[in-house]
2 protein chains.
Amino acid sequence: MSGKHSLIRSGTTVDQMVRAIGDRIVTGYLRPGEKLDETSLAARFDVSRTPVREALGQLSAMGLVERRPNRGAIVAVVTQEHLASMFESMAELEAICARFSAERMTAAERRALETEHQASARLVQLGAEEDYEYFNTEFHSRLYRGAHNTHIHDLTVMTRSRLAPFRRAQFMLPGRLAKSWQEHDLIVTAIMRGDSVAAGKAARDHVSIVSEASAVFAADDRKPIRRDVA
Amino acid sequence: MSGKHSLIRSGTTVDQMVRAIGDRIVTGYLRPGEKLDETSLAARFDVSRTPVREALGQLSAMGLVERRPNRGAIVAVVTQEHLASMFESMAELEAICARFSAERMTAAERRALETEHQASARLVQLGAEEDYEYFNTEFHSRLYRGAHNTHIHDLTVMTRSRLAPFRRAQFMLPGRLAKSWQEHDLIVTAIMRGDSVAAGKAARDHVSIVSEASAVFAADDRKPIRRDVA
DNA sequence: CCGGAGGCAATTGCATGCACTTTTTGCCTT
DNA sequence: AAGGCAAAAAGTGCATGCAATTGCCTCCGG
């Protein structure tokens with residue numbers, strides 16, 4: 001949510017805290033279950049506890065942080081079951097975006113999607129994981145925007161960010177890039193010919209496969225939590 | 001979001017404020033665009049500004065209020081376009097829930113759904129708007145829970161609450177109760193026979209119709225508030 | 001009569017302080 | 001030595017205070 005605000009280079013300390021802490025969670029620098037001590041965070045960012053508290057409250061409202069009254073906040077811990085439910089939701093949301101994209105993308109949007117997608121083929125050949133990941137993100141963002149529905153866009157982006165910590169691992173899997181590109185290709189092809197049903201299905205399958213890949217890592221990765229905020 | 005927390009009879013002042021203010025927004029007591037003055041709210045609920053501020057921050061993260069740095073908070077104003085996008089999203093979300101419900105509801109859940117639905121027929125005959133609305137909410141909640149997917153559940157509940165201010169008006173439309181019941185009946189029937197496609201379609205259509213009904217009211221009803229939002 | 005500069009009141013943003021809750025530590029008992 | 005209890009330490013929750021920003025009002029010049 002708050003889609004428009006996230007673009008703003010906000011001056012308020014609270015928003016900076018939300019972004020700072022949120023980023024660290026989403027990028028996996030802060031791991032699920034890790035304790036978020038108000039005083040330490042305040043010291044770490046050189047602000048008072050108030051903005052940190054407000055930020056934790058907002059992150060809690062977003063689901064990234066879990067707050068136990070009087071007992072502090074921790075990075076939200078997701079159970080296997082909840083993780084699965086998020087991936088399943090993600091698949092459905094992406095399916096909706098792809099379906100709507102197939103029906104509603106403007107000519108310019110279709111062109112841009114296809115162009116960028118074709119360009120990314122080069123990155124697959126080179127095995128440029130990092131760069132491909134960037135294109136991958138951009139690719140999916142195009143689908144979300146192409147749906148021309150701000151609320152679905154917000155829900156999807158939000159869900160995606162909550163899944164982010166569990167997705168990074170997948171790229172270590174060998175052959176993943178080529179597979180991903182082919183799946184994208186199915187989606188693009190369907191969208192280009194305006195086949196909303198096929199686009200939806202292709203997008204859903206794409207996420208499902210990512211989900212399976214990530215689930216493997218989610219299983220073990222979770223034990224060694226205790227770690228201090230630097 | 002924060003699905004589990006919302007059930008807790010939370011002792012913390014901030015959560016009480018979130019519920020108090022959030023309820024007033026959702027029920028339409030506070031209208032979109034209305035100014036939310038920290039000091040007044042603090043005085044009104046007899047707490048200091050701090051919990052009010054935190055509550056406003058969280059509500060802002062949820063999208064119920066809009067916050068302009070240094071310029072105060074207002075109840076979120078939704079444009080016609082955004083409203084439409086939320087209704088469309090709602091239709092898709094409900095479709096997903098109905099689809100999953102058709103596939104996954106336990107025997108007990110199906111039984112309860114059908115029983116309650118049949119019981120509500122009586123309320124239609126009586127024209128008991130208020131009571132029917134309660135059943136209606138319960139009916140939809142059953143669908144969300146029946147999907148057995150906590151994240152979809154959260155997204156749906158959240159979207160529903162944001163639409164709440166725009167839905168109340170629809171019940172003034174004559175014949176609405178009977179129509180609503182018949183649409184519910186289509187959904188229930190499809191779910192009972194495990195027809196996920198039909199259930200999804202019926203649910204989507206149901207919301208779409210509500211959407212059209214509400215749009216009428218959204219059009220005029222909203223002017224006299226103070227629309228200084230860009 | 002209109003438009004803009006300056007100042008004032010109102011309001012927000014953040015820091016600090018204090019009370020209360022939880023957790024830890026150390027001692028005593030068994 | 002293990003368990004339990006109590007006091008201290010740590011950390012959270014909320015109130016209050018002060019600086020900073022905004023919006024308004026006035027007054028002046030054109």
Side-chain angles (χ1 to χ4, degrees), chain A residues 2 4-6 8-22 25 30 33-61 64-77 225-230, chain B residues 2 4-6 8-22 25 30 33-61 64-77 225-230:
Chain A
S2 67
K4 23 196 141 173
H5 296 295
S6 54
I8 298 176
R9 190 73 65 226
S10 152
T12 120
T13 309
V14 173
D15 284 353
Q16 288 177 337
M17 292 289 98
V18 169
R19 271 200 304 279
I21 300 171
I25 294 174
L30 291 171
E34 194 160 335
K35 199 158 168 298
L36 296 171
D37 178 62
E38 295 177 2
T39 312
S40 314
L41 287 171
R44 165 70 184 77
F45 294 111
D46 197 45
V47 295
S48 81
R49 278 178 48 227
T50 307
V52 172
R53 275 186 64 75
E54 290 193 29
L56 290 177
Q58 296 191 27
L59 290 165
S60 161
L64 281 176
V65 160
E66 220 167 295
R67 233 180 181 186
R68 296 93 40 99
N70 281 312
R71 304 189 51 216
I74 59 174
V75 177
V77 170
I225 295 296
R226 197 134 311 267
R227 192 167 142 219
D228 275 7
V229 181
Chain B
S2 67
K4 26 195 138 174
H5 296 296
S6 55
I8 297 176
R9 187 78 64 230
S10 151
T12 121
T13 310
V14 174
D15 284 353
Q16 288 177 338
M17 292 292 100
V18 170
R19 273 199 304 278
I21 300 171
I25 294 173
L30 290 172
E34 197 160 332
K35 197 158 177 306
L36 296 171
D37 176 62
E38 295 178 2
T39 311
S40 314
L41 287 170
R44 164 74 185 76
F45 294 111
D46 197 44
V47 295
S48 83
R49 277 177 49 226
T50 306
V52 171
R53 275 186 64 76
E54 290 193 29
L56 290 178
Q58 296 192 27
L59 290 165
S60 161
L64 280 176
V65 319
E66 221 166 294
R67 232 179 182 188
R68 295 92 43 98
N70 283 312
R71 302 185 55 223
I74 59 174
V75 178
V77 170
I225 290 299
R226 179 163 308 276
R227 321 222 331 149
D228 49 1
V229 170

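Proteins get letters first, then strands, A, B, ... in listed order; numbering begins at 1 in each. These numbers come from the heavy atoms of this one structure, side chains and all, not from hydrogens, waters or symmetry mates.
In this structure, A/R68 places its CZ atom 15 Å from C1' of D/dA10, rounding to the nearest Å. One interatomic measurement links the two molecules: CZ of A/R67 to C1' of D/dC14, which rounds to 12 Å at whole-angstrom precision. Protein atom CG of A/D46 is 13 Å distant from nucleotide atom P of C/dC14, rounded to whole Å.
Counting all heavy atoms, side chain and backbone alike, A/M17 lies closest to A/A55 at CB-CB, 3.5 Å. Between A/R53 and B/E54, the closest heavy-atom pair is NE-OE2, 3.1 Å.
Contact of the A/V14 side chain with the A/Q58 side chain is registered, since non-hydrogen atoms from C-beta on lie closer than 4.5 Å.
Scored by the side chain to side chain contact (heavy atoms under 4.5 Å, CB included) test, B/L41 finds B/I21, B/L36, B/F45, B/V52, B/L56 as partners (sequence neighbours excluded).
DNA chain D is contacted by B/V47, B/S48, B/R49, B/T50, B/P51 of residues 47-57 of chain B, taking any non-hydrogen atom closer than 4.0 Å.
Taking CD from A/E34 and CD1 from A/I25, the interatomic distance works out to 9.0 Å, rounded to the nearest 0.5 Å.
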- [ ] For each nucleotide in nucleotides 5-11 of chain C, reading 5' to 3', give B when a protein heavy atom comes within less than 4.0 Å of its base, S when such contact involves only the sugar-phosphate, and - otherwise.
- [x] ------S
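OP1 or OP2 of D/dG23 sits under 4.0 Å from a side-chain N or O of B/R71.
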- [ ] Apply side-chain contact (heavy atoms from CB on, under 4.5 Å) to the pair B/R67 and A/T12, showing each step before the final yes or no.
- [x] CA-CA 11 Å; B/R67 232 179 182 188; A/T12 120; over 6 Å; no
